[in-house]
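All remarks here apply to the structure that follows.
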Amino acid sequence: MQRSLPLRAGALSLIILALVLFGWQIAVSGVGKTEAMDPEYAALMGETATTGKSAMPGPLDVGAAIWKHLKDPFYDRGPNDKGIGIQLAYSIGRVALGYGLAVLVAIPVGFLIGMSPLMSRALDPFIQIMKPVSPLAWMPLALYTIKDSSLSAIFVIFICALWPMLINTVFGVSSTRKEWLNVARTLEVGPVRRAFTVILPAAAPTILTGMRISIGIAWLVIVAAEMLVGGTGIGYFVWNEWNNLSITNVITSILVIGLVGMVLDQLLARAQALVTFPE
């Protein structure tokens, strides 16, 4: 029964997908009423106004757009016309830099706080105040001080990815079993060696959980940040296609954003599984 669970879950997922696509196609296939209007205005409004066809594209239209992007994802025809592959590369690069900086700060600082009850109590009020602040609230300050839109987006990624990793690292380190620490002290294991051989393996699953949460938030925030700063990135691509009234490309971008986010999450999920062991 357990072995067949993945197959049954996969089959159910395919059925749900088919029902969603079928319902979507039916919903956009209707034709509404049309009224007489000025020919120039009708030409501007397109088929929505002249034939009553729904302005929302169907799954077949989106599939055709996806295939078009896949055939040439890295074209570059100027600052406002770049392929979706190039835009994704810019976004992933910014996320990698901001997220990497957050890892370098959050995990060592989390260890120091988690191993010291005094530091934990002293810094907890500051963490609790900063944690709920929306990452985009930092954008005006970042633009004013850094004066570079791309670096400002990286800073926003850093600040939003920092807190989940920091809090989970502190929790994982402070929750290490006391008997394990007592055995290490009995064997006269030093603080540095104890941190790497006892505390880190015990806290690793919790730290990876914080990293999974952080990568999801980072990928979510970069889209909104790039809509604000413009220039390049998948967020700018979405906003630019909306300004071009290309709803098909907007939906295509949403699907791509979701797929990339899922891949990033699954990579960290696999890493988490490697360091998680049943007791």
Side-chain angles (χ1 to χ4, degrees), residues 13-95 134-136 139 149 153 156 216-265:
S13 295
L14 290 175
I15 292 171
I16 293 172
L17 176 62
L19 291 174
V20 170
L21 293 177
F22 179 75
W24 179 8
Q25 185 63 44
I26 293 298
V28 301
S29 296
V31 177
K33 296 181 180 179
T34 59
E35 297 180 1
M37 61 183 67
D38 182 76
E40 293 184 1
Y41 180 74
L44 178 65
M45 295 301 295
E47 291 185 340
T48 302
T50 57
T51 67
K53 183 180 178 181
S54 173
M56 183 65 67
L60 297 178
D61 300 320
V62 174
I66 292 173
W67 177 246
K68 179 182 176 182
H69 287 296
L70 288 175
K71 287 194 297 183
D72 190 12
F74 299 106
Y75 71 84
D76 188 351
R77 303 190 185 104
N80 292 324
D81 192 10
K82 299 180 186 295
I84 197 168
I86 293 177
Q87 305 289 16
L88 269 178
Y90 276 109
S91 296
I92 292 173
R94 290 180 184 126
V95 169
S134 170
L136 294 182
M139 183 59 77
S149 59
V156 169
I217 296 174
W219 187 243
L220 183 150
V221 169
I222 190 61
V223 175
E226 287 172 344
M227 285 183 177
L228 291 177
V229 300
T232 54
I234 193 66
Y236 171 73
F237 181 81
V238 173
W239 190 248
N240 193 47
E241 293 304 319
W242 162 246
N243 288 331
N244 294 332
L245 298 180
S246 179
I247 305 300
T248 304
N249 280 337
V250 170
I251 295 175
T252 300
S253 304
I254 291 171
L255 294 176
V256 170
I257 291 166
L259 287 172
V260 173
M262 183 183 70
V263 169
L264 294 175
D265 179 77

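What you are looking at is a predicted structure, and each value in this text was computed from that prediction instead of being measured.
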Compile the donor-acceptor pairs under 3.5 Å between side chains in residues 63-71 and protein atoms, sequence neighbours left out, one pair per line.
| residue | atom | partner | partner atom | Å |
| --- | --- | --- | --- | --- |
| H69 | NE2 | N249 | OD1 | 2.9 |

CD1 on I26 to CZ on F22, rounded to 0.5 Å: 4.0 Å

Partner residues of D265 under the side chain to side chain donor-acceptor pair (under 3.5 Å) criterion, sequence neighbours left out: R212

By salt bridge (Lys or Arg N to Asp or Glu O under 4.0 Å) - contacts of D76 (at least two apart): K82

Residue Y75 excluded, over 12 heavy atoms near OH under 6.0 Å: yes

Set of side-chain contact (heavy atoms from CB on, under 4.5 Å) partners for I254, sequence neighbours left out: V250

Donor-acceptor pair, side chain of W219 and main chain of I92, under 3.5 angstrom: no

Test side-chain contact (heavy atoms from CB on, under 4.5 Å) applied to M56 and I251, step by step: CA-CA 10 Å; M56 183 65 67; I251 295 175; 3.7 Å; yes

Under 3.5 Å, sequence neighbours excluded: what are the donor-acceptor pairs made by side chains of residues 14-21?
none

CZ on F237 to OG on S246, rounded to 0.5 Å: 7.5 Å

Below 3.5 Å, can you tabulate the donor-acceptor pairs from side chains in residues 224-235 to any protein atom, sequence neighbours excluded?
| residue | atom | partner | partner atom | Å |
| --- | --- | --- | --- | --- |
| E226 | OE1 | S91 | OG | 2.8 |
| E226 | OE1 | I234 | N | 3.1 |
| E226 | OE1 | G235 | N | 2.9 |
| E226 | OE2 | S91 | OG | 2.9 |
| E226 | OE2 | R94 | NH1 | 2.7 |
| T232 | OG1 | R94 | NH2 | 2.7 |

For the student: nearest non-hydrogen atoms of D61 and T248, plus distance: O-CG2, 3.7 Å

Trace of the side-chain contact (heavy atoms from CB on, under 4.5 Å) decision for I257 with V238: CA-CA 10 Å; I257 291 166; V238 173; 4.1 Å; yes

